[in-house]
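Letters A, B, ... mirror the listed sequences (proteins, then strands); counts begin at 1.
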Protein chains: 2
Amino acid sequence: MKRDKGASAGNRAEGRPTLAAVAARAGVSASTASLAFSGHGPVSDDTRARVLAAAAELGYGGPDPLAQSLRRGRSGIIGALIPARIGVSFRDPVLIQTLDGLAEEISAIGAGLLLLPDHDPGSGYVNVTDAPVDAVVLVGCNADALGTLEGMRRRNIPIVQIEGPPDADVHTISVDNRGGARLLAEHVRELGHTRVALVTLALGRDRRVGPLTAEREAGGTVTTALERIAGARDVYPGVGGWIAGASRSDAGREAALALLDVPAADRPTAILAQSDLLAAGVLAAAEELGIRVPEDLSVVGFDGIRVDGLERSLTTVWQPSQDKGAAAGRAIVELLAGRTPDPVSFDVRFRRGSTTGPAPA
Amino acid sequence: MKRDKGASAGNRAEGRPTLAAVAARAGVSASTASLAFSGHGPVSDDTRARVLAAAAELGYGGPDPLAQSLRRGRSGIIGALIPARIGVSFRDPVLIQTLDGLAEEISAIGAGLLLLPDHDPGSGYVNVTDAPVDAVVLVGCNADALGTLEGMRRRNIPIVQIEGPPDADVHTISVDNRGGARLLAEHVRELGHTRVALVTLALGRDRRVGPLTAEREAGGTVTTALERIAGARDVYPGVGGWIAGASRSDAGREAALALLDVPAADRPTAILAQSDLLAAGVLAAAEELGIRVPEDLSVVGFDGIRVDGLERSLTTVWQPSQDKGAAAGRAIVELLAGRTPDPVSFDVRFRRGSTTGPAPA
DNA sequence: AGAACGACTCGAATCGATTCGATCCCTCGT
DNA sequence: ACGAGGGATCGAATCGATTCGAGTCGTTCT
């Protein structure tokens, strides 16, 4: 005999009908009702109609996704680990495009994207590990984030990262950051520049800004930034610069002000910014200081995005952000199907703009 | 006797240990093991240690979120219905700020945000209704979207909309769109303008662009756009304009080109754009056409966001996007707790910039 | 010393559906 | 006319955890 406590715990809407209730009302078994809803088995038209009618009368809204998830072992949700809170992360067009590609691709298997801002440990936020996700994608995160995913790994949940240090358990989508940075540095060298400085992305989770020191670099965990530094060093060994906290034009502006606000003789004649947004900030700073681009200063970016409100064309390399996201999505699909996706690495394309010119005499 | 089929169905990682396995290994019952993990009951230190040790040995990653969800009747996931695919929706700073406020607020109850792009019906995408969400927030969607939520309503899942038509079952967060638009129109009227035109947001899901006709207006479903039109009409009855497809500067530019590329005598002397992004596009178009702002043309926006790369200050009204999101988040929390949230409506603030001036003689 | 109490632990029910194998019955073939 | 075949339906197990009430055992109070 059913207990039927009536007003039981504080569980959601008390009286919501269940599949069993619908089945009872339609005079069939729960299994048949299930079949009628899912269409997975042979059900007579008559029976199906009766079940549907009963459902309508009871106001049954279809099988509970929670129960389905448990039974199927899948929630249909992919977690997207983003580096900061939404308002901050989503100011980066590269991130947006990547997520867009990702979302489109996983919608092929009917999955949706759960946003999981990567918070500093102990900040009282949701633990990623507790989310009912079928897989996780790290997009634009630093290597530390992998640590917070220990739980996922133990649960055999597929993890895909977009840019990041190689890891046996994690499928990585990469782009030739080092090669791209090298291309840009070579371009600048060919123009005759010798006093060059970098404006880098955040090197670690802390997002501290300041001069690029060996120490800070050694503690860096953001692969993207480190690889782009390496590419520049391939051409300009030992080149220094300034760490901007984030990929935003105001951060680029601050960094450039620090680098340029020195006696003209010490001033770099070329600045290699690690993102187009940073480069836009550098241009703004130069304008403020009355430094002409490209006559007095050459500036390059990275990413190849369209920067709103920037009328001049930037010398940069373009990277396929959306394709990276899509590739991650396909990798997820493969992994969930039990297959092993092929590793993917994308190339970049050099694009000369009007912000670079010959080194001043 | 347990069946223990070994390699059963294709369910995820076959051999993943369960709480029961851990309990068995630790020599306790499943209930005790559960208590040990959740900390919800009195468990001796010794027992807890044994359970944790067993878990470590077996590589148990903690309770399965899927099973927890079913038992608790909560998934810890809030669905965010956004008007278009990610790459498009997230180019709107207002949307981003709103989601940011929302995400922060719901993280108080440990919930995360599931992105659900509102797709045209029948486009083969995931049905919102099948997602395991505890509640849904409509952000920047049109009224049609409510239709796709029938299933949710029947399931008694709380729905909150940010801007939208009043609905008994749906908690609405609103802002004084009409009043804001009226403020701007009044400002323009005080400056003596008589030939005025609107540049509106999309009126419906179709996002068609073109002249603002009575017919198109009658079929409109986007409350925000309609209310702002109404506000302008409070001051300029019958004012016409152009429908821009989306809140982006390129759409604003196209619209403005259509409105301004006429004999100077017919040309409007003021354009009321329904968003700052659109206004930025209007400014760009004016510059292309050699029309001076504000001498020949006054331009106002709406939203009060900082538009990247727009150096001049726009006359606009500011609306609290982030607060709207936060209010939606708090409403969700209240609703999930079984309480009834207070209705919220926000005010806007007029902000005069340098893009409006006296009507030309 | 006996009772009462408290700290722990356990068994069993439950969340809501899916699915495999078995059963039942009707029809078709020869 | 009888067995085979097959469509429709049902029973029962299962997914993996949580939770309530009940039971055990040792300690403390009077």
Side-chain angles (χ1 to χ4, degrees), chain A residues 1-6 8-24 26-51 55 58 60-75 130 132 155, chain B residues 1-6 8-24 26-51 55 58 60-75 130 132 155:
Chain A
M1 205 211 308
K2 277 248 210 76
R3 193 110 65 87
D4 197 357
K5 295 208 260 166
S8 65
N11 264 354
R12 59 198 127 170
E14 298 305 341
R16 216 153 73 293
T18 68
L19 182 59
V22 172
V28 299
S29 73
S31 21
T32 301
S34 173
L35 261 16
F37 269 102
S38 67
H40 281 325
V43 178
S44 72
D45 292 343
D46 174 57
T47 305
R48 188 195 322 281
R50 270 214 322 286
V51 172
L58 262 41
Y60 178 69
D64 182 342
L66 262 32
Q68 289 183 310
S69 293
L70 173 58
R71 187 68 244 260
R72 297 207 225 274
R74 287 277 164 83
S75 65
D130 299 334
R155 251 190 235 130
Chain B
M1 204 211 307
K2 276 249 210 75
R3 193 111 65 88
D4 197 357
K5 296 207 260 167
S8 66
N11 265 355
R12 58 197 129 171
E14 299 305 340
R16 218 153 71 298
T18 68
L19 183 57
V22 172
V28 299
S29 74
S31 23
T32 301
S34 173
L35 262 18
F37 269 101
S38 68
H40 282 324
V43 177
S44 71
D45 291 344
D46 174 57
T47 304
R48 187 193 323 280
R50 268 214 324 286
V51 171
L58 261 43
Y60 179 69
D64 182 342
L66 261 32
Q68 288 183 311
S69 294
L70 173 59
R71 186 69 241 260
R72 299 206 226 273
R74 287 275 165 85
S75 65
D130 299 335
R155 251 189 236 132

Just to be sure I follow the notation: if a pair is Watson-Crick (purine N1 to pyrimidine N3 plus N6-O4 or O6-N4) or a G-U wobble (N1-O2 and O6-N3), each under 3.5 Å, what dot-bracket string does DNA chain C give, with | for pairs to another strand? ||||||||||||||||||||||||||||||

Take atom [atom1] of [X] and atom [atom2] of [N], then tell me their distance rounded to the nearest Å.
X       : N       : atom1 : atom2 : answer
R72(A)  : dC15(C) : CZ    : P     : 20 Å
Q68(B)  : dG16(D) : CD    : P     : 13 Å
F37(A)  : dG16(C) : CZ    : P     : 15 Å
L70(B)  : dT14(C) : CG    : C1'   : 9 Å
L66(A)  : dA17(D) : CG    : P     : 15 Å
R74(B)  : dG16(C) : CZ    : C1'   : 16 Å
D130(A) : dG16(D) : CG    : P     : 18 Å
D64(B)  : dG16(C) : CG    : P     : 17 Å

For Y60(A) and T18(A), work out which heavy atoms get closest and say how close. CE1-C, 3.6 Å

Shortest non-hydrogen pair, P17(A) vs L58(A), comes out as CG-O, 3.6 Å

Mind checking the CZ-CZ spacing from R48(B) to F37(B)? Nearest 0.5 Å is all I need. 10.5 Å

Checking [X] now: which residues fulfil side-chain contact (heavy atoms from CB on, under 4.5 Å) with it, not counting sequence neighbours?
X      : result
S31(A) : S29(A)
D46(A) : S44(A), R50(A)
S34(B) : L19(B)
A23(A) : V28(A), A33(A)

Every protein N/O within reach of nucleotides 7-10 of chain D N/O, cut-off under 3.5 Å:
from    : atom 1 : to     : atom 2 : distance (Å)
dT9(D)  : OP1    : S44(A) : OG     : 3.1
dT9(D)  : OP1    : T47(A) : OG1    : 2.2
dT9(D)  : OP2    : S44(A) : N      : 3.0
dT9(D)  : OP2    : T47(A) : OG1    : 3.2
dC10(D) : OP2    : S29(A) : N      : 2.9
dC10(D) : OP2    : S29(A) : OG     : 3.3
dC10(D) : OP2    : T32(A) : OG1    : 2.7

dA17(D) OP1/OP2 closer than 4.0 Å to side-chain N/O of Y60(B): yes

Taking the side chain of H40(B) as its heavy atoms from C-beta onward, which of dT19(D), dT19(C), dA17(D) lies nearest to it? dT19(D)

Flag side-chain contact, heavy atom, 4.5 Å: Q68(A) against S38(A): no

Could you give me the CA-CA distance, side-chain angles and deciding distance for D64(B) and R16(B), then say whether side-chain contact (heavy atoms from CB on, under 4.5 Å) is met? CA-CA 10 Å; D64(B) 182 342; R16(B) 218 153 71 298; 4.1 Å; yes

